[in-house]
Amino acid sequence: MAGPDRQRPGRVVDSRSVSAVPVEHVDELRAYAESAAGCTRCRLAQGRTQVVFGAGNPHAELMFVGEAPGFHEDKQGLPFVGQAGKLLEKLLNGVGLQRSDVYIANVLKCRPPGNRDPQPDEIEACESHLFRQIELIEPTVVATLGNFATKLLSGRPLGITRVHGQEQETTLGSRSVLLYPLYHPAAALYTPAMLKVLESDFARIPELLGRSVAPQLEPELALVPSAAPPAEQLGLF
Ligand code: URA
């Protein structure tokens with residue numbers, strides 16, 4: 001990322017895929033993850049093995065947001081460690097990135113029973129965890145994987161088939177980011193045509209990372225969580 005933030009004292013200056021996140025945000029992110037580990041905001045707390053907060057580079061310029069932990073994620077406490085995760089890693093490698101370059105999180109931090117779809121009240125209960133993550137990581141590109149993340153973060157009910165590959169500038173928390181909707185890797189696993197589209201959308205990621213985004217707004221002017229319509233109005237279900 002270019003720009004004046006790179007020069008600010010106390011900010012981390014790092015390699016290509018890394019943003020200038022203040023060192024103290026990393027500690028805050030760690031502390032936030034620790035407090036979220038005991039979250040009981042919704043019914044999913046009862047059936048989970050553990051909270052799957054998110055993982056990866058806390059300075060990442062590129063952040064992925066999936067849907068919810070599945071069986072393996074719930075057991076290991078890490079996002080995207082199953083088959084969909086393997087594909088995500090392969091796609092990343094294809095554009096010259098490693099998993100360790102990016103940050104990966106989900107809309108829901110706990111596994112829904114039987115991997116059913118997230119419910120509106122679960123998304124509502126959980127979304128502030130995601131918005132806080134985004135605020136602390138300060139990515140420049142947020143790639144949403146599938147319908148749930150795309151609808152939540154775009155604040156629009158348009159499905160992934162309509163909007164995949166179409167980046168849009170938006171404000172998340174106090175941050176201007178490029179939102180980049182992509183097909184969910186789990187959907188592409190068994191549908192070769194969808195995999196082709198996902199690969200070609202992925203191929204644009206380096207270009208998007210190279211783009212500068214509009215300056216940050218003052219935090220009090222840009223609080224998206226309170227501005228976003230409730231999950232049900234977004235047509236998530
Ligand atoms: N699918 C998701 O959306 N998230 C995961 O962490 C794993 C599979």
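Model, not experiment: these values are computed from the prediction. Both ligands and their constituent atoms are indexed starting at 1 by order of listing.
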Going by the order shown, which atoms of ligand 1 are within less than 4.0 Å of some heavy atom of [X]?
{"X": "His184", "result": "1 (N), 2 (C), 3 (O)"}
{"X": "Pro79", "result": "6 (O)"}
{"X": "Glu67", "result": "2 (C), 3 (O)"}

Next on the checklist: For atom 8 (C) of ligand 1, what is the closest protein heavy atom, and at what distance to 0.1 Å?
Outcome noted: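 For this ligand atom, the closest protein heavy atom is Phe80 CE2, 3.9 Å.
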Next on the checklist: Looking at Phe148, I'd like to know if the NZ or CZ of Lys151 sits under 6.0 Å from its six-membered ring centre while staying within 45 degrees of the ring's axis.
Outcome noted: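 Relative to the ring axis of Phe148, which defines the angle, Lys151 lies outside at least one limit.
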Item to check | Any His72 heavy atom less than 4.0 Å to ligand 1 | outcome: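 Outside the 4.0 Å threshold, so no.
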Checklist entry - For ligand 1, which part of Glu73 has a heavy atom less than 4.0 Å away: the side chain, the backbone, both, or neither? => result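 The answer is the side chain of Glu73.
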Item to check | Any side-chain donor near an acceptor of the partner, Lys109 and Gln133, under 3.5 Å | outcome: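 Yes, side-chain donor-acceptor contact under 3.5 Å.
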Item to check | CA sep, side-chain torsions, deciding dist, call: Arg204, Glu167, salt bridge (Lys or Arg N to Asp or Glu O under 4.0 Å) | outcome: CA-CA 10 Å; Arg204 291 196 52 231; Glu167 72 276 20; 3.0 Å; yes
Checklist entry - Among Leu88, Val52, Val81, Asn106, which residue places a heavy atom closest to atom 6 (O) of ligand 1? => result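 Looking at heavy atoms only, Asn106 sits closest to atom 6 (O) of ligand 1.
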Item to check | Selection from Gly66, Gly82, Pro185, Ala68 by shortest heavy-atom distance to atom 5 (C) of ligand 1 | outcome: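 Considering heavy atoms of Gly66, Gly82, Pro185, Ala68, the nearest to atom 5 (C) of ligand 1 sits in Ala68.
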Checklist entry - Got more than 12 heavy atoms from elsewhere within 6.0 Å of NE2, His25? => result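 Buried by this count: over 12 neighbours within 6.0 Å.
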Checklist entry - CZ of Arg162: more than 12 outside heavy atoms within 6.0 angstrom? => result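 No, because the 6.0 Å sphere around CZ of Arg162 holds 12 heavy atoms or fewer from other groups.
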Item to check | From Leu152, Leu130, Leu172, residue fulfilling side chain to side chain contact (heavy atoms under 4.5 Å, CB included) relative to Val65 | outcome: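 When Leu152, Leu130, Leu172 are each tested with Val65, the side chain to side chain contact (heavy atoms under 4.5 Å, CB included) holds only for Leu130.
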